[in-house]
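Predicted, not measured: the structure shown is a model, and the values here were computed from it. In what follows, chains are A, B, ... by sequence order, proteins preceding strands, each numbered from 1.
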2 protein chains.
Amino acid sequence: MASSRAPAKRASSKKERRLESETLILAAAEKVFSEAGFGGATMQLIADVAGLPKANLHYYFPTKEALYRQVVQNIFQIWLQAADIFDKADGPAEGIGAYIDAKMEISRRHPAGSKVWATEVMHGAPVIQDYLETTLLDWTKGRADVIRRWIDQGLMDPVDPDHLLYMLWATTQHYADFGHQIETLNGGAALSEDQWVAAKTSVKQIILRGIGATR
Amino acid sequence: MASSRAPAKRASSKKERRLESETLILAAAEKVFSEAGFGGATMQLIADVAGLPKANLHYYFPTKEALYRQVVQNIFQIWLQAADIFDKADGPAEGIGAYIDAKMEISRRHPAGSKVWATEVMHGAPVIQDYLETTLLDWTKGRADVIRRWIDQGLMDPVDPDHLLYMLWATTQHYADFGHQIETLNGGAALSEDQWVAAKTSVKQIILRGIGATR
DNA sequence: TCGGTTCCTGACCGTATGGTCAAAAACAAA
DNA sequence: TTTGTTTTTGACCATACGGTCAGGAACCGA
């Protein structure tokens with residue numbers, strides 16, 4: 001059927017298959033780490049979830065810590081990408097509004113990752129301290145500058161940019177990190193589509209009014 | 001010197017000494033659990049922090065889980081007490097403002113407890129699910145009623161009470177749970193007295209304005 | 001078909017963990 | 001002092017964990 005010479009159809013090359021395995025393992029690891037924490041997670045359980053023998057995990061990731069580190073890094077990348085919206089906006093209502101939407105969406109679609117990040121930071125960021133001190137610090141400074149500019153332009157009330165950013169992180173990530181609590185308070189059911197819309201609307205309404213964002 | 005018959009001075013009765021030991025162990029446990037999570041914490045380390053032999057811990061708390069459960073329960077009690085302020089207020093500006101102050105103060109003075117709670121909930125609340133379904137659910141409903149009354153009285157804008165409560169929890173607890181991240185972004189130093197005041201002010205300002213709280 | 005490389009895996013190992021226990025110490029009542 | 005109870009502790013145990021390794025399977029270019 002398929003041609004024989006060139007890498008036809010989807011014959012999955014070596015590199016592709018390696019990436020596939022790594023992705024499979026990382027997904028299982030993210031799930032298990034988010035549910036049990038680093039200390040509570042076991043390589044055996046991750047292997048079971050991934051449907052692979054434990055020894056195979058150690059072929060792709062030499063140690064538990066290396067695997068964990070990769071999981072945390074992946075999440076951090078997703079965080080950062082969502083932040084591009086911030087800069088491209090003309091004003092706070094658009095920029096911060098879109099940022100809230102983006103982060104709420106991540107909390108909804110990627111809750112496990114958020115939990116792993118939260119746990120890591122709560123335990124003193126033993127594995128990703130360098131990221132906090134470099135990438136995150138730079139990012140925060142840049143965004144604080146944008147907020148200050150908006151304030152100077154009279155597009156929003158004068159508020160402390162740092163504390164505003166903390167509030168944005170806290171509020172949006174709460175829907176992932178404390179999703180179980182919210183679910184319980186919601187009668188044991190996950191938030192429906194409508195409820196997610198209401199959540200986004202509430203968060204945006206309160207914060208945007210709170211900072212007097214006009215445009 | 002001291003009289004001999006009656007339980008003079010502070011001769012620390014049996015029950016008192018038992019309570020002392022338990023409190024000592026609980027304090028050590030809270031610290032270790034908050035830094036390492038349930039799985040990462042070891043009875044040996046808790047014993048070292050408490051300055052006691054490991055076997056002694058098992059005399060007061062039969063299992064690791066029993067000790068952990070007690071730690072979580074203690075924290076929950078502190079949460080609940082802070083909430084009394086809510087009801088005694090005449091309006092949202094006073095009630096929610098005081099609630100924010102109280103919760104921010106807990107985050108500052110009791111960060112370890114907040115972290116243990118957060119980790120517990122993130123892992124699906126395996127130990128305190130019953131508390132979520134009973135005490136917390138009742139409390140939340142009661143507070144939502146208060147908020148709805150304030151809205152009906154025109155003291156604040158119509159906002160979804162549940163999402164407002166989530167925002168209050170998320171924002172205030174963020175200063176405990178993500179304290180390490182905040183500290184790092186603050187140049188490696190803990191927030192100063194002034195910075196804590198600024199934090200409280202920012203949070204109250206944004207949220208109270210955000211909900212249009214007039215009084 | 002062959003040779004080399006990558007990938008897979010069961011069996012195994014040293015260590016650290018939660019928990020037990022029996023005996024000693026400390027304490028309290030008589 | 002004597003007797004009974006509570007508290008303390010080192011030594012110990014079974015288990016489970018992260019990680020290793022050697023040998024086999026699968027794959028691939030020539």
Residues forming a salt bridge (Lys or Arg N to Asp or Glu O under 4.0 Å) with D194(A), sequence neighbours excluded: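 Expected list: none.
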
Please identify each residue that fulfils salt bridge (Lys or Arg N to Asp or Glu O under 4.0 Å) with D145(B), with sequence neighbours left out.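 Only R148(B) meet the salt bridge (Lys or Arg N to Asp or Glu O under 4.0 Å) criterion with D145(B).
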
With respect to the phosphate group of dT7(D), does any side-chain polar atom (N or O) of Y59(B) fall under 4.0 Å of OP1 or OP2? yes

Taking only side-chain N and O atoms of R18(B), does any of them lie within less than 4.0 angstrom of OP1 or OP2 on dT7(D)?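 Result: yes.
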
By side chain to side chain donor-acceptor pair (under 3.5 Å) - contacts of T42(B) (at least two apart):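 Not a single residue meets the side chain to side chain donor-acceptor pair (under 3.5 Å) criterion with T42(B).
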
Rounded to the nearest angstrom, tell me the gap between atom [atom1] in [X] and atom [atom2] in [N].
{"X": "F61(A)", "N": "dC8(C)", "atom1": "CZ", "atom2": "P", "answer": "12 Å"}
{"X": "N56(B)", "N": "dT7(D)", "atom1": "CG", "atom2": "C1'", "answer": "7 Å"}
{"X": "L19(B)", "N": "dT6(D)", "atom1": "CG", "atom2": "P", "answer": "18 Å"}
{"X": "R69(A)", "N": "dG18(D)", "atom1": "CZ", "atom2": "C1'", "answer": "19 Å"}

Could you check whether H180(A) and Q129(B), counting side-chain N and O atoms only, form a donor-acceptor pair closer than 3.5 Å?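 Judged by distance alone, the side chains do pair up.
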
Quick one: which residue pairs count as a salt bridge (Lys or Arg N to Asp or Glu O under 4.0 Å) with a foot in residues 104-125 of chain B, not counting sequence neighbours? E105(B)-R109(B), E105(B)-K200(B), R108(B)-E193(B)

Once salt bridge (Lys or Arg N to Asp or Glu O under 4.0 Å) is applied, what residue pairs with a partner in residues 41-69 of chain B remain, sequence neighbours excluded? R69(B)-D130(B)

Can you tabulate the close N/O pairs, meaning under 3.5 Å, that link protein atoms to atoms of nucleotides 16-22 of chain C?
{"from": "dG18(C)", "atom 1": "OP1", "to": "A41(B)", "atom 2": "O", "distance (Å)": "3.2"}
{"from": "dG18(C)", "atom 1": "OP1", "to": "K64(B)", "atom 2": "NZ", "distance (Å)": "3.0"}
{"from": "dG18(C)", "atom 1": "OP2", "to": "M43(B)", "atom 2": "N", "distance (Å)": "3.0"}
{"from": "dG18(C)", "atom 1": "N7", "to": "K54(B)", "atom 2": "NZ", "distance (Å)": "3.1"}
{"from": "dG19(C)", "atom 1": "OP2", "to": "K64(B)", "atom 2": "N", "distance (Å)": "2.7"}
{"from": "dG19(C)", "atom 1": "N7", "to": "K54(B)", "atom 2": "NZ", "distance (Å)": "2.8"}
{"from": "dG19(C)", "atom 1": "O6", "to": "K54(B)", "atom 2": "NZ", "distance (Å)": "2.6"}

For Y60(A), answer base if it contacts any base atom (sugar-phosphate contacts may also be present), sugar-phosphate if it contacts only those atoms, and nothing otherwise; contact means non-hydrogen atoms under 4.0 Å.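 Sugar-phosphate, no base atom in range.
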
